[in-house]
Amino acid sequence: MNTQTRSSELAANALTILASALEAGDSQALTKYLSVMSRFRAYSWNNCLLISLQRPTATRVAGFHTWLKLGRHVRKGEKGIAILAPVLFRPANSQQQEAEADQPSSFPLQRVVAFRTAYVFDVAQTEGEILPEFASVNGDPAEKIDSLKAFVCSRGILLDYDSGIAPALGVSRGGSITLLPGLAAAQEFSTLAHECAHELLHRNERRPQTNKTIRETEAEAVAFVVCQAIGLDTNTAAADYIKLYNGDKATLSNSLQFIQSTAIDMLTALGVDANPVPGEEA
């Protein structure tokens, strides 16, 4: 079996496993996956899924040789985490074209032509030099709440507060978000992230392609990833909305892509780095 076939099977099997778990009502399967997504934002949703299924507790991963460059080595007997690595193609005459033009080409010199199976290892599988720790918010969004509000406004979405929406904590109306006043800072942040996700994902031409359950799952998943990424404690994601999978793996695949891209947009606006190990984005 060649590496391209192996990588295709890995991706298909991972999606099937998650779909089956969701169909069986296993909300923890989605929660584990979203937790991995929050930690590996530089990785594709597919690779996050592969990591979550093979080593859901992973915090930082890198290839064997990258760990050596960082002063650490993989312990003997440790099993690698299989992910998909892009195979890049660079036209043979591209360097000559650049030289003749005396400036970088205006078109991409590399493109992905296939994927191969590659193996990475979690930091817990290695020994050696101590790596620097990432800063975390530890339960308080601090200035991130103001940054999220600014992001909402930058997208042309009106934000206001109204006690009349109770018992709802927040409402998305298409072009506006209303929050319940007096929420604790962490709850306000999480609710705003949820409603912002609705605005970005479900107030457009895509809405007819979804149902209420899928919309709520996606919005809660985005909020979960964003909250986890800035250090907030949350255990609500997927607890009530576990039927993201409705028998169509293509729908599940699309949802995971939308969840990741929307969460990354928010986190970028919040100034949260993807924090990959250098050279190990995929």
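- Contact annotation: the side chain of H202 never approaches that of F258 to less than 4.5 Å [non-hydrogen atoms, C-beta and beyond].
- When atom types are taken as modelled, the side chain of E195 and the backbone of S172 share a donor-acceptor pair closer than 3.5 angstrom.
- Residues E218 and V222 fail the side-chain proximity criterion, which asks for heavy atoms closer than 4.5 Å.
- Between V123 and R72 there is a side-chain heavy-atom pair separated by less than 4.5 Å.
- The line from CH2 of W45 to CD1 of I264 is 13.5 Å long, rounded to the nearest 0.5 Å.
- Residue S38 holds its OG atom at 11.0 Å from CG of L232, rounded to the nearest 0.5 Å.
- When each of L49, L10, I51, T117 is paired with I83, the side chain to side chain contact (heavy atoms under 4.5 Å, CB included) condition holds for I51 and for no other.
- Between the side chains of E216 and H194, at least one donor N or O sits under 3.5 Å from an acceptor N or O.
- Looking only at side-chain heavy atoms (C-beta outward), L70 and T126 stay at 4.5 Å or farther from each other.
- Here the side chains of N13 and L53 are not in contact, with every heavy-atom distance at 4.5 Å or above.
- Within a 6.0 Å sphere centred on NZ of K149, heavy atoms belonging to other residues, nucleotides or ligands number more than 12.
- Among L169, L159, D160, L158, the single residue meeting the side chain to side chain contact (heavy atoms under 4.5 Å, CB included) criterion with T178 is D160.
- Looking at heavy atoms from C-beta onward, L148 lies out of side-chain contact with K144 at the 4.5 angstrom threshold.
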Chi angles and distances behind the side-chain contact (heavy atoms from CB on, under 4.5 Å) call for T31, F224: CA-CA 9 Å; T31 302; F224 180 87; 3.8 Å; yes

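- Judged by distance alone, the side chains of S261 and Q257 never bring a donor and an acceptor atom under 3.5 Å apart.
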Starting from the C-alpha separation in whole Å, work towards a yes-or-no answer on side-chain contact (heavy atoms from CB on, under 4.5 Å) for L15 and L256. CA-CA 10 Å; L15 191 60; L256 297 180; 4.2 Å; yes

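- Residues Y33 and P56 form no side-chain contact, since every pair of their non-hydrogen atoms from C-beta on lies 4.5 Å or further apart.
- Going from atom CD1 of I214 over to atom CZ of R207 covers 12.5 Å, rounded to the nearest 0.5 Å.
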Any chance you could lay out the side-chain contact (heavy atoms from CB on, under 4.5 Å) test for E78 and F64, step after step, and finish with the verdict? CA-CA 11 Å; E78 292 287 352; F64 184 90; over 6 Å; no

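- Residues I230 and F189 form a side-chain contact, since some pair of their non-hydrogen atoms from C-beta on lies under 4.5 Å apart.
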